[in-house]
Amino acid sequence: MVTVSEFRSRVELYSPANASDGQGGYYEQMNHVDTVWAQILKPRFWDGQAGGGPVAGITQGITIRYRDDVALDWRVEYRHTMYRVIHIEYGERRDVLALTCTAVEHHG
């Protein structure tokens with residue numbers, strides 16, 4: 001059980017929305033939804049295999065108070081780093097959400 005005193009960090013929540021590109025197409029933009037208190041857990045590191053080669057990954061756990069609008073395509077920003085929600089675990093009494101996230105990488 002998470003207590004109120006464990007929510008010591010502020011995070012920004014973003015939801016995806018399609019916006020017109022002005023040429024008949026669309027692109028995804030992230031709309032700011034809310035700023036909430038959160039518990040930031042220690043990052044988890046893992047090694048594995050993918051496509052025949054070794055891979056490494058890092059996931060970040062973030063716990064927030066329960067909201068019924070958070071979905072897997074949402075983003076969470078913490079300390080100027082954007083994370084993509086890849087798993088949502090609901091608290092036993094639906095009082096909290098445990099979000100498993102991975103950092104969003106921009107190549108280019």
Side-chain angles (χ1 to χ4, degrees):
M1 185 168 144
V2 180
T3 62
V4 172
S5 65
E6 294 176 277
F7 291 102
R8 297 185 183 127
S9 302
R10 298 289 273 174
V11 298
E12 308 288 331
L13 299 177
Y14 293 88
S15 68
N18 288 328
S20 173
D21 66 3
Q23 300 176 15
Y26 293 92
Y27 66 94
E28 184 179 83
Q29 68 179 24
M30 300 308 291
N31 292 334
H32 183 264
V33 175
D34 204 358
T35 302
V36 298
W37 288 102
Q39 176 188 32
I40 307 300
L41 305 174
K42 289 183 180 181
R44 288 182 232 139
F45 301 87
W46 53 270
D47 294 314
Q49 296 285 325
V55 295
I58 303 171
T59 56
Q60 176 66 58
I62 300 173
T63 303
I64 63 173
R65 290 180 196 247
Y66 178 80
R67 298 176 60 106
D68 61 2
D69 56 350
V70 177
L72 291 178
D73 53 357
W74 280 39
R75 304 284 190 269
V76 179
E77 184 178 14
Y78 173 65
R79 291 191 176 174
H80 306 293
T81 301
M82 191 67 74
Y83 296 94
R84 180 173 50 93
V85 177
I86 59 174
H87 179 75
I88 300 172
E89 186 174 330
Y90 298 92
E92 290 180 18
R93 297 187 322 263
R94 288 205 178 243
D95 54 346
V96 296
L97 294 177
L99 308 175
T100 301
C101 304
T102 185
V104 175
E105 297 180 23
H106 296 283
H107 301 285

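Here, residue 1 is the first one in the sequence, and each next residue gets the next number. As a basis for the values below, the full set of heavy atoms in this structure was taken, side chains included, without hydrogen atoms, waters or symmetry mates.
The number of heavy-atom neighbours closer than 6.0 Å to CD of E92, taken from other residues, nucleotides and ligands shown, is 12 or below.
Both M30 and V104 are members of a single hydrophobic cluster when ILVMFWY side chains are connected at heavy-atom separations under 4.5 Å. A continuous path of Ile, Leu, Val, Met, Phe, Trp and Tyr side chains, each step under 4.5 Å between heavy atoms, connects V70 with V36, placing both in one hydrophobic cluster. Residues Y90 and V11 share a single hydrophobic cluster, defined by chaining ILVMFWY side chains whose heavy atoms lie under 4.5 Å apart. Residues I88 and L41 fall into different hydrophobic clusters, defined by Ile, Leu, Val, Met, Phe, Trp and Tyr side chains chained together at heavy-atom separations under 4.5 Å.
Note: H87 NE2 to T102 OG1 = 14.0 Å, rounded to the nearest 0.5 Å. Taking SG of C101 as the reference point, atom CG of L72 lies at 10.0 Å (rounded to 0.5 Å). Taken to the nearest 0.5 Å, the CD atom of Q60 stands 8.5 Å off from the CZ atom of R44. Atom OH in Y78 sits 12.5 Å away from atom CD in E12 (nearest 0.5 Å). Rounding to the nearest 0.5 Å places CZ of R67 at 10.5 Å from CG of L99.
No side-chain heavy atom of Y83 sits less than 4.5 Å from a side-chain heavy atom of E77. Looking at heavy atoms from C-beta onward, L97 lies in side-chain contact with Y66 at the 4.5 angstrom threshold. In this structure the side chain of T63 never reaches within 4.5 angstrom of the side chain of E6, judged on heavy atoms. Here the side chains of Y14 and M82 are in contact, with some heavy-atom distance below 4.5 Å. Between V76 and I64 there is no side-chain heavy-atom pair separated by less than 4.5 Å.
For Q39 (side chain) and I62 (main-chain N/O), no donor-acceptor pair under 3.5 Å exists by modelled atom type. The backbone N or O of D73 lies less than 3.5 Å from a partner atom in the side chain of R75, making a donor-acceptor pair.
Closest heavy-atom contact between Y27 and S20: CE2-O, 3.4 Å. Minimum heavy-atom separation, F7 to V96: CZ-CG1, 4.0 Å.
Relative to the six-membered ring of W37, R10 meets both conditions, a distance below 6.0 Å and an angle of at most 45° to the axis.
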